[in-house]
Amino acid sequence: LYSLRREIIRYFEKRGDGVLDLYGYGWNTPHTQHLGPSEPFYTPIYKGMAEDKWETFAEYKFIFCIQNAIPAGDYECDIFMAIVTGAVPIYLPPADADMYIPRDIYINYNDFKNLDDLTAYLQSIVGTSVYEEYRRKGWEFINSARFRPFTVQQFSEDVYAAIQAFFNRKSEQGYNL
């Protein structure tokens, strides 16, 4: 997926219209480390590390959300941060995403033949009710029970239940815990 990120960056870099800004760790350095050593990658659209990722996301209409890996059940926080800050995520989802995240709250990267088609679509919806509908539905999802599996509260409850189940099994086996 690092190569996909590079492809996206080079595409927008060549367009030269300044519609993509790149933030984050590991770009424009000879010591690039993305899941292991890789070739240095330099680009003029790199803006450095965001001082505050939440504030930075809030400055943009769209956020590319390309995870480090996309196995089923793996969800990184960027899609949710984009929604909360009012941006529309451009998301490359895991295979099982439709089971957990409504399709109408993000733009699925896989739905487009190429970056030209994606870019044309993005430009066509800015300032329209289609764009606002993505934002509204995203906000509804974040504030619904369907979002609960992604919360810290649910994670804490799941960890607590797993620990409790472990101790109960050990106790049933005669261990004095």
Side-chain angles (χ1 to χ4, degrees), residues 1-24 27 43 45-158:
L1 296 178
Y2 184 60
S3 61
L4 175 61
R5 290 177 181 157
R6 285 181 175 210
E7 178 185 324
I8 293 167
I9 292 162
R10 289 294 187 231
Y11 169 84
F12 283 101
E13 184 182 283
K14 286 177 185 168
R15 282 177 56 98
D17 53 10
V19 298
L20 181 74
D21 293 332
L22 174 64
Y23 290 89
W27 303 97
T43 176
I45 66 172
Y46 182 62
K47 303 296 181 192
M49 292 292 294
E51 285 187 37
D52 183 311
K53 195 170 180 178
W54 293 92
E55 286 181 17
T56 302
F57 272 31
E59 294 175 15
Y60 293 89
K61 294 189 181 314
F62 301 101
I63 304 291
F64 273 99
C65 301
I66 309 293
Q67 299 184 173
N68 291 322
I70 52 171
D74 181 29
Y75 299 92
E76 294 179 9
C77 66
D78 286 352
I79 183 174
F80 306 123
M81 286 180 71
I83 292 167
V84 168
T85 60
V88 175
I90 304 163
Y91 188 44
L92 181 62
D96 65 344
D98 290 347
M99 294 172 48
Y100 304 101
I101 303 174
R103 288 272 297 203
D104 59 358
I105 69 168
Y106 63 89
I107 296 167
N108 189 326
Y109 183 85
N110 293 317
D111 288 348
F112 298 88
K113 250 185 341 192
N114 54 48
L115 286 164
D116 287 331
D117 289 351
L118 172 61
T119 303
Y121 178 72
L122 300 177
Q123 291 173 331
S124 76
I125 67 168
V126 171
T128 70
S129 61
V130 173
Y131 177 82
E132 291 305 322
E133 195 67 5
Y134 279 114
R135 294 179 70 212
R136 183 185 66 76
K137 288 181 177 181
W139 190 247
E140 286 174 1
F141 171 69
I142 291 291
N143 288 287
S144 74
R146 287 189 68 193
F147 181 67
R148 183 154 174 67
F150 302 103
T151 64
V152 171
Q153 293 83 5
Q154 185 64 53
F155 176 77
S156 300
E157 289 171 16
D158 291 347

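Owing to the predicted nature of the structure, the values given are computational and were not obtained by experimental measurement.
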Heavy atoms, side chains only, cut-off 4.5 Å: are [X] and [Y] in contact?
X: F57; Y: I83; answer: no
X: L122; Y: V19; answer: no
X: M81; Y: C65; answer: no
X: L118; Y: Y11; answer: no
X: T85; Y: I63; answer: no
X: P89; Y: D78; answer: no
X: Y46; Y: I9; answer: no
X: I142; Y: I105; answer: no

Separation between [atom1] of [X] and [atom2] of [Y], rounded to the nearest 0.5 Å:
X: Y75; Y: I101; atom1: OH; atom2: CD1; value: 5.5 Å
X: D21; Y: F12; atom1: CG; atom2: CZ; value: 11.0 Å
X: E13; Y: T43; atom1: CD; atom2: OG1; value: 3.5 Å
X: N108; Y: Y91; atom1: CG; atom2: OH; value: 9.5 Å
X: K47; Y: W27; atom1: NZ; atom2: CH2; value: 15.0 Å
X: I90; Y: I107; atom1: CD1; atom2: CD1; value: 5.5 Å

What pairs with [X] under side-chain hydrogen bond (donor to acceptor under 3.5 Å, both in side chains), at least two apart in sequence or on another chain?
X: E59; answer: none
X: D98; answer: none
X: Y106; answer: none
X: D111; answer: R103

All side chain to side chain contact (heavy atoms under 4.5 Å, CB included) counterparts of A120, not counting sequence neighbours
none
Side chain to side chain contact (heavy atoms under 4.5 Å, CB included) partners for Q153, two or more places apart:
R148, T151
Not counting sequence neighbours, which residues clear salt bridge (charged side-chain N to carboxylate O under 4.0 Å, His left out) with [X]? List them please.
X: R146; answer: none
X: D17; answer: R15
X: E76; answer: none

Heavy-atom pair of closest approach, residues T128 and I125
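The answer is OG1-O, 2.6 Å.
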Please find the pair of heavy atoms, one from P94 and one from Q67, that lie closest to each other, and give the distance.
CG-NE2, 4.2 Å
Should the pair R10-E7 be classified as a salt bridge under the 4.0 Å nitrogen-to-oxygen rule?
no
Which is it for F64 and L4 under the side chain to side chain contact (heavy atoms under 4.5 Å, CB included) test, yes or no, and what are the steps along the way?
CA-CA 11 Å; F64 273 99; L4 175 61; over 6 Å; no
Salt bridge (Lys or Arg N to Asp or Glu O under 4.0 Å) contacts touching residues 61-70 (sequence neighbours left out):
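Listed once each, the pairs would be none.
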Kindly determine whether T56 and Y60 satisfy side chain to side chain contact (heavy atoms under 4.5 Å, CB included), including the steps that lead there.
CA-CA 7 Å; T56 302; Y60 293 89; 4.0 Å; yes
With sequence neighbours left out, which residue pairs that include part of residues 130-139 fulfil the side chain to side chain donor-acceptor pair (under 3.5 Å) condition?
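Counting only pairs at least two positions apart or across chains, the side chain to side chain donor-acceptor pair (under 3.5 Å) contacts touching residues 130-139 are D104-K137, Y121-Y134, E132-R135, E133-R136, R136-E140.
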I want to know whether F80 and F147 have ring centres closer than 6.0 Å.
yes
Side chain of D52, backbone of E55: donor and acceptor closer than 3.5 Å?
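Yes.
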